[in-house]
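Just below is one structure, and these are the notes that go with it.
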Amino acid sequence: MKIASWNVNSLRVRLPHLLDWLKAAEPDVVGIQETKCVDEQFPFAELEAAGYFAAHNGQKTYNGVALLSRQPLVDVCRDMECFADEQRRVIAATVGGVRVVNVYVVNGQAVGSEKYEYKLRWLAGLRQYLEAELQKYPKLAVTGDYNIAPAPEDTHDPAVWEGGILCSEPERAAFRALLDLGLKDSFRLFDHPPGTFTWWDYRQAGFRRNLGLRIDHVLLSEPLAAACTGVQVHLEPRRLERPSDHAPVVSEFTV
DNA sequence: ATGGTGGCCACGCCA
């Protein structure tokens, strides 16, 4: 079984890339972020033809998250009960006994900004939400664009990034608070080459120069972490013409 | 040099 996370930066633009990648990678479940479309524009038919059930929590222009699955998606939920939010950033569903929560965490723009304060409030809400989900579902996977690089080695140049947005201590503390619930950063269960990232700025030839960050993560509860056999970043879609600025992250399981 | 690239949408916002 494979559970993946991918920020596609507009699903309508990236649908051909997504369909090609689904065929090549054969993930069982995919959390998609930044669909940037309303539910009426979501390509249910194309994804069904590709063999995937889908659930979407969309809005116009910004944000928007979806779950794709080869098996039916059960008990779909589109908000965090404990945190009211007009922005569409969460979707959760149960697939074959595994609860999958897919999140698009607030970017935060700049440390100290209003959006940054919203990001920290949002992450506190996420912690509370996931704490309750873990009570209900021992097998929990949390896919997402977290917009947090957990450690200096998750940046191409700590001198540039440390203390700034995506890398500030309060953001990292909020990420650790999620792990403190009993979740594992699945990527760190395995060894990876230095400079393994999931996002590269479109500007300044960031991908070609590997000026990246690791900000997309699949967190796993203990039972799933114990069954996880590997985590990979798929660079192929990032090499294409008109790519998303993010690459897919795939966690693989024995079951 | 406070730029730069891209998506949305039609100008500025957001990342």
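Letters A, B, ... are given to chains in the order of the sequence lines, protein chains preceding strands, and every chain is numbered from 1.
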Original post:
In whole angstroms, how far is the P atom of B/dA15 from the CD atom of A/Gln87?
Top reply: 7 Å
**OP:** Starting at atom CG of A/Leu166, determine the distance to atom P of B/dC14, rounded to an integer number of angstrom.
**Re:** 16 Å
Original post:
Closest to the A/Tyr202 side chain: B/dA15, B/dC8, B/dG6?
Top reply: B/dG6
Subject >> Parallel, tilted or perpendicular: rings of A/Phe197 and A/Trp200 (30°, 60°) >> reply: perpendicular
**OP:** Could you check how far CD of A/Gln109 sits from P of B/dG12, rounded to whole Å?
**Re:** 17 Å
Original post:
What is the distance, rounded to the nearest whole Å, between atom CG of A/Asp145 and atom C1' of B/dA15?
Top reply: 10 Å
Original post:
How do A/Tyr104 and A/Gln204 order along DNA chain B: which one's closest nucleotide is nearer the 5' end?
Top reply: A/Gln204
Original post:
Pick the nucleotide of DNA chain B nearest each of A/Asn63 and A/Lys60; which residue has the one closer to the 5' end?
Top reply: A/Lys60
Original post:
What is the distance from CG of A/Asp201 to C1' of B/dG3, rounded to the nearest Å?
Top reply: 12 Å
**OP:** Quick one: do A/Arg88 and A/Tyr104 satisfy side chain to side chain contact (heavy atoms under 4.5 Å, CB included)? Show the steps, please.
**Re:** CA-CA 8 Å; A/Arg88 306 299 192 170; A/Tyr104 175 48; over 6 Å; no
Original post:
Atom CD of A/Glu34 to atom P of B/dC14: distance rounded to whole Å?
Top reply: 13 Å
Original post:
In terms of ring plane angle, is the pair A/Tyr146 and A/His217 parallel, tilted or perpendicular, where the classes change at 30° and 60°?
Top reply: tilted
Original post:
With under 30° as parallel and over 60° as perpendicular, where do the rings of A/His192 and A/Phe187 fit, or are they tilted in between?
Top reply: parallel
**OP:** When you get a sec, tell me which of B/dA15, B/dG7, B/dC8 is the closest nucleotide to the side chain of A/Thr61?
**Re:** B/dC8
Original post:
Considering only the P atoms, how many Å lie between B/dA10 and B/dA1, rounded to the nearest integer?
Top reply: 36 Å
Original post:
Can you tell me the Watson-Crick or wobble partner of B/dC13, both distances under 3.5 angstrom?
Top reply: B/dG7
Subject >> Residue A/Arg203, side-chain atoms from C-beta onward, closest of B/dC14, B/dT5, B/dG7 >> reply: B/dT5
Original post:
Under the salt bridge (charged side-chain N to carboxylate O under 4.0 Å, His left out) criterion, do A/Lys136 and A/Glu131 qualify, and how do the steps go?
Top reply: CA-CA 9 Å; A/Lys136 287 186 266 190; A/Glu131 187 171 29; over 6 Å; no
Original post:
In whole angstroms, how far is the P atom of B/dC14 from the OH atom of A/Tyr116?
Top reply: 19 Å
Subject >> Whole-Å distance separating the CG atom of A/Asn7 from the P atom of B/dA15 >> reply: 11 Å
**OP:** Give a yes/no answer on whether the side chain of A/Arg242 brings an N or O atom under 4.0 Å of OP1 or OP2 in B/dG7.
**Re:** yes
